[in-house]
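The structure under discussion appears below in the form of structure tokens.
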Amino acid sequence: MTGTFAIVGSGPSGFYAAEALARKAKGCHIDIFDRLPTPYGLVRGGVAPDHQGTKNIVRVFERLMAKGQVRFLGHVTIGRDLSLDELRAHYDGVIVATGAPLDRHLAIPGADLPGVHGSAAFVGWYNGHPDHVDLNPDLSGRNVVIIGNGNVAIDIARVLTKTPAEMARGDLADHAARAIHQAAFETVTIAGRRGPVEASFTDAELAELGELERVTPRVDPTVIPETIGSGWDPATAKVKERNLEILRGFAQRSDTRPVTLNFAFNCAPVRFVGDERVSAVRFARTRVEDGRAVATGTEFEMPADLVVTAIGYRNPGLAGLPMDETRGVVVHDQGRVDAGLYVVGWAKRGPSGVIATNRADSMAVVDRLLAEVTPGAKDGGGGIDTVLAERGVPVVTFDQWQRIDAAERAAAAGDAPRRKLVRLEDMLAAAQED
Ligand code: NAP
């Protein structure tokens with residue numbers, strides 16, 4: 001097959017789409033664009049620095065790149081260096097895989113106070129994402145409140161409380177390691193607007209919080225129900241039952257380590273309190289009715305020197321893409337957006353599931369694309385290379401990314417897998433080195 005395909009975004013959903021195209025349309029040419037000089041999206045910038053096992057998925061993507069059918073065009077921003085319409089004019093099919101890199105905003109009074117951060121920015125900061133490297137959160141206070149009951153809230157609580165030794169095999173960015181390891185947090189609270197059964201934690205991640213050297217998890221035993229109730233599918237039920245078991249274990253802990261990790265359920269944030277900066281979060285007590293959090297009429301305040309909202313993400317959109325602004329996703333019909341234009345991953349489904357969830361999703365969309373587009377009608381990467389050269393866009397190739405990768409690995413201290421370059425200029429300089 002002589003088709004030419006462009007993929008916008010080099011995170012897991014984009015790479016899985018490339019893998020499916022390479023396998024199903026042998027002989028086709030695939031170009032993956034990313035606005036950063038570094039590939040792998042969320043695997044590099046979102047997955048927690050101490051979850052290196054999850055990052056091993058990049059080996060699969062490296063093997064794909066080694067076959068030579070796929071090109072990486074890094075440091076090219078679609079919407080600035082090239083338009084989506086230009087990609088559509090040059091490639092038989094275009095797949096948007098731009099994920100959900102922006103925070104869902106918690107629109108309550110005080111949300112803009114210093115000391116309140118969204119998880120996209122905060123996680124990006126500790127993972128050394130160039131967009132967020134200058135966030136410089138003030139970690140000098142005692143009380144941290146993390147809003148949301150998902151795995152991102154757990155990641156943040158864990159990264160903020162692990163000791164340097166517990167983090168030694170991770171790739172926490174230097175600037176974040178310095179700030180976090182100097183902090184003297186006393187309480188970290190993970191606050192959920194619904195109850196323990198409704199929390200979207202997965203059990204392995206929740207259990208990990210019970211194993212941290214400096215942390216005693218605490219939860220009021222009276223809020224943990226005896227059963228999860230009915231109506232859950234078997235796989236979900238198993239996770240929820242395990243979660244309740246783990247929380248019961250936490251409720252029995254009597255040790256007093258330097259950091260208390262509180263689970264506060266049934267509290268919905270209504271206001272961030274503070275003058276110059278945040279000093280507390282005001283919550284409404286809730287009960288769960290028909291699966292929804294309903295305010296009981298009681299409110300209370302919880303001290304907070306640092307707040308991170310971990311309530312989900314959204315796609316930023318792109319000129320030429322129809323958006324569902326409420327959900328922050330691209331409008332599509334089973335992955336098809338328009339003739340020759342498709343969407344995969346979190347840009348399509350919203351921020352849910354684990355990395356592997358994207359494999360089946362991208363494969364299904366690629367099947368649809370291959371059934372619908374006419375391959376070989378357009379000039380593909382050759383034509384686009386001419387446009388990029390005319391505009392003087394300094395494209396970072398996969399070989400050049402491998403130089404960045406090698407420089408980061410060579411600079412790693414101790415057991416760390418890499419020491420991340422966090423500024424674009426440093427990445428671009430490393431890309432040029434022999
Ligand atoms: P998530 O699992 O959807 O959790 C979002 C949380 O925010 C929910 O508890 C939600 O409560 C809460 N929330 C939403 N709006 C709120 C509001 N206005 N006020 C208070 N709370 C609000 O999302 P996530 O934690 O961002 O994770 C995204 C995806 O990545 C998930 O699929 C997650 O499992 C995955 N992930 C996996 C790992 C891992 O496997 N280690 C690590 C990180 C992330 P309601 O339920 O009441 O809406």
Side-chain angles (χ1 to χ4, degrees), residues 11-13 41-57 99-111 116-124 126-127 145-159 170 189-209 232 235-236 239-240 243 263-272 281-295 302 307-315 326-329 345-347 349-358 361:
S13 67
L42 204 68
V43 177
R44 180 176 165 99
V47 171
D50 58 335
H51 276 184
Q52 290 294 317
T54 309
K55 296 181 191 250
N56 283 340
I57 186 63
L102 300 185
D103 280 304
R104 275 191 58 205
H105 185 60
L106 185 55
I108 59 174
V116 179
H117 304 280
S119 56
F122 198 79
V123 171
Y126 66 58
N127 271 331
V145 175
I146 304 168
I147 293 174
N149 266 184
N151 284 333
V152 171
I154 289 187
D155 278 351
I156 294 165
R158 197 181 63 250
V159 169
T189 301
I190 298 181
R193 62 179 169 182
R194 298 192 288 160
V197 174
E198 291 77 26
S200 54
F201 310 136
T202 46
D203 50 330
E205 279 63 30
L206 184 60
E208 227 183 319
L209 293 179
W232 304 105
T236 309
V239 173
K240 290 189 179 295
N243 279 353
F263 288 86
F265 292 105
N266 296 106
C267 42
V270 290
R271 162 187 300 276
F272 295 114
V281 185
R282 189 166 183 82
F283 286 105
R285 279 254 163 256
T286 67
R287 60 173 174 269
V288 178
E289 276 178 20
D290 297 329
R292 296 176 64 87
V294 179
M302 186 184 289
V307 175
V308 186
T309 62
I311 63 165
Y313 300 114
R314 62 191 174 84
N315 184 275
T326 315
R327 292 186 55 226
V329 296
W346 281 10
R349 306 190 315 276
S352 65
V354 292
I355 285 173
T357 314
N358 293 297
D361 178 72

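First listed ligand is number 1; within each ligand, the first listed atom is number 1.
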Between [X] and ligand 1, does any nitrogen or oxygen pair lie at a separation below 3.5 Å?
| X | answer |
| --- | --- |
| W346 | no |
| N151 | yes |
| S352 | no |
| R193 | yes |

Return the closest protein heavy atom for atom 39 (C) of ligand 1 as residue, atom name and distance.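 It is E205 OE2, 3.8 Å.
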
Checking a contact table here: which protein heavy atom is nearest atom 12 (C) of ligand 1, and how many Å away?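 The protein heavy atom lying closest is G148 CA, 4.0 Å.
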
Hey, which atoms in ligand 1 end up nearer than 4.0 Å to a heavy atom of [X]?
| X | result |
| --- | --- |
| R194 | 45 (P), 46 (O), 47 (O) |
| S200 | 1 (P), 2 (O), 4 (O) |
| L106 | 17 (C), 18 (N), 19 (N) |
| I311 | 7 (O), 13 (N), 14 (C), 15 (N), 16 (C), 21 (N), 22 (C) |

Excluding sequence neighbours, so at least two apart, what forms side chain to side chain donor-acceptor pair (under 3.5 Å) with H105? none

So does R271 have more than 12 non-hydrogen atoms from other groups sitting under 6.0 Å from CZ?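 Counting neighbours around CZ of R271, 12 or fewer heavy atoms of other residues, nucleotides or ligands fall under 6.0 Å, so no.
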
Would P351 count as a contact of ligand 1 if the rule is a heavy atom under 4.0 Å away? yes

Donor-acceptor pair, distance only, cut-off 3.5 Å: does the side chain of [X] make one with the backbone of [Y]?
| X | Y | result |
| --- | --- | --- |
| N127 | V47 | yes |
| D203 | V239 | no |
| K240 | A199 | yes |

Chi angles and distances behind the side-chain contact (heavy atoms from CB on, under 4.5 Å) call for F263, L206: CA-CA 11 Å; F263 288 86; L206 184 60; 3.7 Å; yes

Can you classify the ring geometry of F122 versus Y126 as parallel (below 30°), tilted (30 to 60°) or perpendicular (above 60°)?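 Perpendicular, since the angle between the ring planes exceeds 60°.
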
Filtering G353, A268, C267, A310 for the heavy atom nearest atom 5 (C) of ligand 1 leaves A310

Of the listed options (N149, V152, T202, D155), which comes nearest to atom 42 (C) of ligand 1 when hydrogens are ignored and any heavy atom counts? D155

Listed partners of T286 passing side chain to side chain contact (heavy atoms under 4.5 Å, CB included), at least two apart: N266, A268, A293

For residues N151 and T202, is any side-chain donor paired with an opposing acceptor at under 3.5 Å? yes

Is at least one protein non-hydrogen atom found at under 4.0 angstrom from atom 1 (P) of ligand 1?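 Under the 4.0 Å cut-off, atom 1 (P) of ligand 1 does have protein heavy-atom neighbours.
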
